[in-house]
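Everything on this sheet refers to the single structure shown next.
Letters go in sequence order (proteins before strands), and every chain restarts at 1.
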There are 2 protein chains.
Amino acid sequence: MDAQVLSKRTMAEQVADLLRQRILSGALPAGTPIRQEPLAAELGISRIPLREALKQLEAEGFVTIASHKGATVAPLSVAEIEELFQLRLRLETWMLGLALPRLAEADFAALDQLIAEQRAPDSLPRWGELNWRFHEVMYRPADRPLTLKMLKRIHDNIDRYLRLEISLSAGRNRAYREHEDLLAHCRKGDVAVALDLLERHIQQTANSLIDHLRARETAVAAD
Amino acid sequence: MDAQVLSKRTMAEQVADLLRQRILSGALPAGTPIRQEPLAAELGISRIPLREALKQLEAEGFVTIASHKGATVAPLSVAEIEELFQLRLRLETWMLGLALPRLAEADFAALDQLIAEQRAPDSLPRWGELNWRFHEVMYRPADRPLTLKMLKRIHDNIDRYLRLEISLSAGRNRAYREHEDLLAHCRKGDVAVALDLLERHIQQTANSLIDHLRARETAVAAD
DNA sequence: GTTTTGTAGATTGTATACAATATTCATTTA
DNA sequence: TAAATGAATATTGTATACAATCTACAAAAC
């Protein structure tokens, strides 16, 4: 039996999950104001649990709350996105270095499976989730749960911007190839090469996203 | 005029600050259950803003909330404290490397001032704050605001345990000497030595705290 | 015409009241 | 005696109602 399913979840928790999904999926893009009364009415609840959900999402970096003014979907500046990628670089190379010697055959099999799922034709809406799970499986043996939680938060915040760019499929195919390459070298236990590939993978992702965002920025400014 | 002072702060914010202070000062030690009704009554408010404050503190890592069971001051395991120190090591050496070439004379003066304050006889209750400000001034020129915020959170969570050990004054004096040493080499612009000293400073702090905690743990277990 | 002021409406913040869940402890049963 | 049951109590979760604050726009002052 799954305890999560059985345990009565609170309204605030369910609402937080729902809104998080809407933000990650792009249904609520950055900057969207969140009015409490209409949203609570739509969800059929009062504003109290909604406010608690918003506080939770604020802590996760998805929402900005200004006293007496309300909540909006948090925008990330290009500088902040760059910083998040730099954090990923530092933390993930550390984690992979710790985890690599402890990766077992079951982990490699799971990673193969995830790459296959990512390549499936209808996987696009689950791209962010599958991408994170790939990285998570690699880092979990490092046995650093707080760091892993931090990394998930960083990934999620990046992903809602990456989504725009990854739908173009060119970057997506590159990411899959890099995952395969990285996995192959992890299997061989080639630590130095694996860390180098991971570093480049993160760098590449950062560069293509930031180029894309800068292009959009100037396009918007030219309007 | 200071906008912060003028802006009307919400009850939830004030309560969060108050509780955070009580937790950091040790007035509310780890594991203490937080009952909403009595606490709200003591503060002269309703449970609604108190609940929002608790949600905020949960996000900051100071409080654990279990549905329908209530909130407690979050305990940190020795393993989690070790992980937090390892995160500090990675993030702070990175930050100092970025910041060092950009540290100006005004920064060095501020750091001198902070060491002097730390050495003042009545500074013990402000130890955590002064210690963080010393590190913060060093890292701020790195211009990585998200990382800086993350580090503050880590420092605060460590500090409420460090407080127990630092009151013994032996470790405190060691910390001050290490700060002075580190500052001297930063002034000289000696990057390699400064990074090495910072690394050792964090390691030393971690070791003495963890030894202390392990000793207490076995002492308690022997009860 | 521009800026300032003031008021009405919209929106958030919080108190109160009630519902849902968990805990405690006396009672029963094996 | 020990485990199981269940009602009484305590505690948290949420709806409703009201207070405080902000926003937008019209009127007044310069």
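Partners of A:Ser208 by side chain to side chain contact (heavy atoms under 4.5 Å, CB included), not counting sequence neighbours, listed by chain and number: A:Glu165, A:Arg174. Applying the side chain to side chain donor-acceptor pair (under 3.5 Å) rule to B:Arg140 yields the partners B:Glu136; only residues at least two apart in sequence or on another chain are considered. Residues that satisfy the ring-ring contact (aromatic ring centres under 6.0 Å, His included) test with A:His212, not counting sequence neighbours, are absent from this structure. Taking the side chain to side chain contact (heavy atoms under 4.5 Å, CB included) definition, one finds that B:Ser46 meets it with B:Ile48, B:Pro49, sequence neighbours left out. Residues forming a ring-ring contact (aromatic ring centres under 6.0 Å, His included) with A:Tyr161 (at least two apart in sequence, or on another chain): none.
Note on residues 60-78 of chain B: pairs passing salt bridge (charged side-chain N to carboxylate O under 4.0 Å, His left out), not counting sequence neighbours, are B:Arg20-B:Glu60. Each salt bridge (charged side-chain N to carboxylate O under 4.0 Å, His left out) pair with one or both residues in residues 97-118 of chain A, not counting sequence neighbours, appears once here: A:Glu105-A:Arg187, A:Asp112-A:Arg187, A:Glu117-A:Arg126.
First and last contacts of DNA chain D with chain B, using any nucleotide atom under 4.0 Å from a protein heavy atom and ordered 5' to 3', fall at D:dT11 to D:dT21.
Residues from residues 43-68 of chain A with heavy atoms under 4.0 angstrom of DNA chain C, sorted by number: A:Arg47, A:Ile48, A:Arg51, A:Ser67, A:His68.
As rounded to whole Å, 14 Å separates atom C1' of C:dG9 from atom CZ of A:Arg35.
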Might you work through the side-chain contact (heavy atoms from CB on, under 4.5 Å) test for A:Asn157 and A:Arg160, ending with a clear yes or no?
-> CA-CA 6 Å; A:Asn157 268 289; A:Arg160 62 198 170 105; 3.2 Å; yes
